[in-house]
Amino acid sequence: MSVLKKNSARQRDQERARLIWLLTTDKAVTSTLLGKLTLAEQYDVGTLADDIAEVGALVAHLPPPDLADTLEALPSEERHALWRLVQDHERGQVLLEASENVWDDLIDEMSDRDILDALQTLDIDEQIYLVQHLPRNLTGRLLASLPADERARVRQVMHYEKNSVGAIMEFGVITVRPDVTLGTVQRYLRRLGKMPDNTDKLFVTARDKTLLGELELKTILLNSTQQKVSEVMENEPMVFSPEDDAEKAARTFERDDLVSAAVVDSVGKLMGRLTIDEIVDVVYEETDNDLRALGGISAEDDVHASVGKAVKTRWAWLAINLCTAFIASRVIDGFEHTISQLVALASLMPIVAGIGGNTGNQTITMIVRALALENIQPGNFAFLIFREMGVALINGLVWGGIMGGITWWLYDDMALGGVMMLAMVLNLLVASMMGVIIPLTMTKLKRDPAVGSSVMITAITDTGGFFIFLGLATIFLL
């Protein structure tokens with residue numbers, strides 16, 4: 001059988017989709033796996049047995065990352081049913097690949113001993129990561145199970161911030177001395193028999209673990225076995241400190257096309273390494289968090305979470321939205337006389353507010369992205385303001401002119417069309433200016449510029465748009 005048939009990406013996608021379909025559309029399968037099958041759910045025994053056998057076969061064939069993705073896509077009860085089929089030796093890897101929302105669900109029915117047993121198949125750095133982030137505090141029990149020589153190193157790593165390089169570095173490294181030959185290195189690697197995942201280089205250290213350089217695998221293979229490591233190694237490798245920000249490290253990996261890099265302490269001694277798989281996780285998590293934050297959604301919110309949990313994670317921004325909407329309504333109420341004289345204003349107001357909100361959100365998205373990529377420096381502030389206002393002015397004149405003409409045609413009132421055009425221009429200018437100021441101000445205050453920015457800009461453009469449009473109408477039309 002060809003590789004395409006055995007393990008193609010398309011086949012794995014199809015198997016994952018089939019597994020989700022079986023568990024979500026056939027309640028009897030889930031109930032049987034959980035031991036809760038009722039008489040009302042029973043149907044043809046042979047068909048049910050075939051479905052359960054197929055579910056078991058799919059779970060056995062899919063690798064841990066696919067099983068983790070499947071768990072993410074299932075409601076709580078179906079997650080527990082699937083989890084019971086996951087083999088013990090794969091549970092740790094599945095937990096490692098899953099999100100915190102899945103952890104909350106799954107470990108409810110697991111004892112502390114069961115969780116620690118599931119982690120035994122993982123590397124020590126992966127075990128540390130999980131016990132630090134699982135909802136249940138198992139740090140003490142994990143430390144007690146470790147050899148004494150690893151315990152001190154683990155305690156040191158656990159003091160690093162969650163989003164730091166130290167929190168995601170791996171301990172599994174291969175080191176060599178600078179005075180040995182490449183032939184000796186090759187024999188050493190063959191004797192080891194295996195290498196840590198994502199190993200593209202070895203680290204050259206002194207006897208006191210001071211990092212002297214790095215030796216790529218291709219260098220070992222392409223040079224004479226008689227050459228010494230010191231003659232062919234990279235003397236100035238890219239290194240990270242454990243206190244470095246993980247997101248900034250990810251940008252360095254992207255710029256330099258790194259697969260792995262050394263992590264050293266303040267005196268240059270090798271502590272571990274950072275690998276591309278951890279970096280991909282950092283990028284994915286940061287992107288997911290930023291997308292949620294822009295909409296005012298908590299990172300704990302899960303599409304399959306209970307109604308109560310979803311309400312608790314969303315109520316804060318909804319309360320803020322309610323307050324801002326109330327302020328906008330008070331602005332409208334202040335122009336009640338104007339609206340009563342010109343009823344057409346009521347149908348045109350949402351257009352002014354809506355296009356301002358769209359412009360503001362476009363600007364904020366661009367600025368937040370530029371901040372994340374560190375493309376904005378303090379000296380760029382005035383340039384960004386004037387650039388965005390220039391864009392808004394042109395868009396306002398073009399689209400405001402079109403809308404003003406439509407308004408004139410609809411209501412046979414040139415003055416109303418002029419007010420419409422001017423209001424759109426002014427609101428777009430306000431939106432573009434605030435779209436720059438809001439994220440930059442939040443960054444200045446050491447806050448995440450993505451958190452709630454779209455909510456804030458919508459509030460400003462709604463309130464400002466109503467005030468500008470109704471204010472101009474009061475001045476020029478009454």
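Note that the structure is predicted; figures quoted are calculated from it, not measured.
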Provide the closest heavy-atom pair for [X] versus [Y] in the form atom of the first, atom of the second, distance.
| X | Y | result |
| --- | --- | --- |
| Ala423 | Phe469 | CB-CD1, 3.7 Å |
| Arg91 | Arg84 | NH2-CA, 3.8 Å |
| Asp462 | Ala353 | OD1-CB, 3.5 Å |
| Pro64 | Glu90 | CD-OE2, 4.1 Å |
| Ala344 | Leu416 | CB-CD2, 4.2 Å |
| Leu477 | Ala415 | CD2-CB, 3.4 Å |

- [ ] Give the ring-plane orientation class for Phe467 versus Phe335, where under 30° counts as parallel, over 60° as perpendicular and anything between as tilted.
- [x] perpendicular

Open item on the list: Do Glu78 and Thr24 pair up side chain to side chain, a donor and an acceptor below 3.5 Å, judged on atom types alone?
Closed with: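 Checked: Glu78/Thr24 side chains show no N/O donor-acceptor pair below 3.5 Å.
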
Within the 4.5 Å heavy-atom criterion, are [X] and [Y] side-chain neighbours or not?
| X | Y | result |
| --- | --- | --- |
| Val368 | Pro439 | yes |
| Val94 | Val86 | yes |
| Ile351 | Leu348 | yes |
| Thr359 | Asn395 | no |
| His80 | Leu34 | yes |
| Ile276 | Leu258 | no |

Main chain of [Y], side chain of [X]: is a donor-acceptor contact present, judged purely on distance under 3.5 Å?
| X | Y | result |
| --- | --- | --- |
| Thr30 | Leu23 | yes |
| Arg16 | Thr70 | no |
| Ser31 | Ala28 | no |
| Glu15 | Leu62 | no |
| Asn427 | Val352 | yes |
| Asp245 | Glu247 | yes |
| Thr463 | Ile460 | no |

Open item on the list: For Asp277, I'd like to know if atom CG has over 12 heavy atoms of other residues, nucleotides or ligands within 6.0 Å.
Closed with: yes

TODO: Count the heavy atoms belonging to other residues, nucleotides or ligands that lie under 6.0 Å from CZ of Arg113, then report whether that count exceeds 12.
DONE: yes

TODO: Taking side-chain hydrogen bond (donor to acceptor under 3.5 Å, both in side chains) as the test, write out the residues that go with Glu243, two or more places apart.
DONE: Ser241

Task: CA sep, side-chain torsions, deciding dist, call: Phe253, Leu274, side-chain contact (heavy atoms from CB on, under 4.5 Å) - done: CA-CA 10 Å; Phe253 263 67; Leu274 201 55; 3.9 Å; yes

Task: Candidate pair Thr461 and Val430, rule side-chain contact (heavy atoms from CB on, under 4.5 Å), full reasoning - done: CA-CA 7 Å; Thr461 54; Val430 170; 5.7 Å; no

Task: Derivation and outcome, salt bridge (charged side-chain N to carboxylate O under 4.0 Å, His left out), residues Asp333 and Arg330 - done: CA-CA 5 Å; Asp333 188 62; Arg330 292 301 85 202; 3.4 Å; yes

Task: NZ on Lys248 to CZ on Phe240, rounded to 0.5 Å - done: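 Going from CZ on Phe240 over to NZ on Lys248, the span is 12.5 Å.
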
- [ ] Drop me the distance from Met271's CE to Met169's CE, to the nearest 0.5 angstrom.
- [x]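 Met271 atom CE to Met169 atom CE measures 4.0 Å (nearest 0.5 Å).
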
Task: Among Ile332, Thr474, Leu470, the one residue meeting side-chain contact (heavy atoms from CB on, under 4.5 Å) with Leu345 - done: Leu470

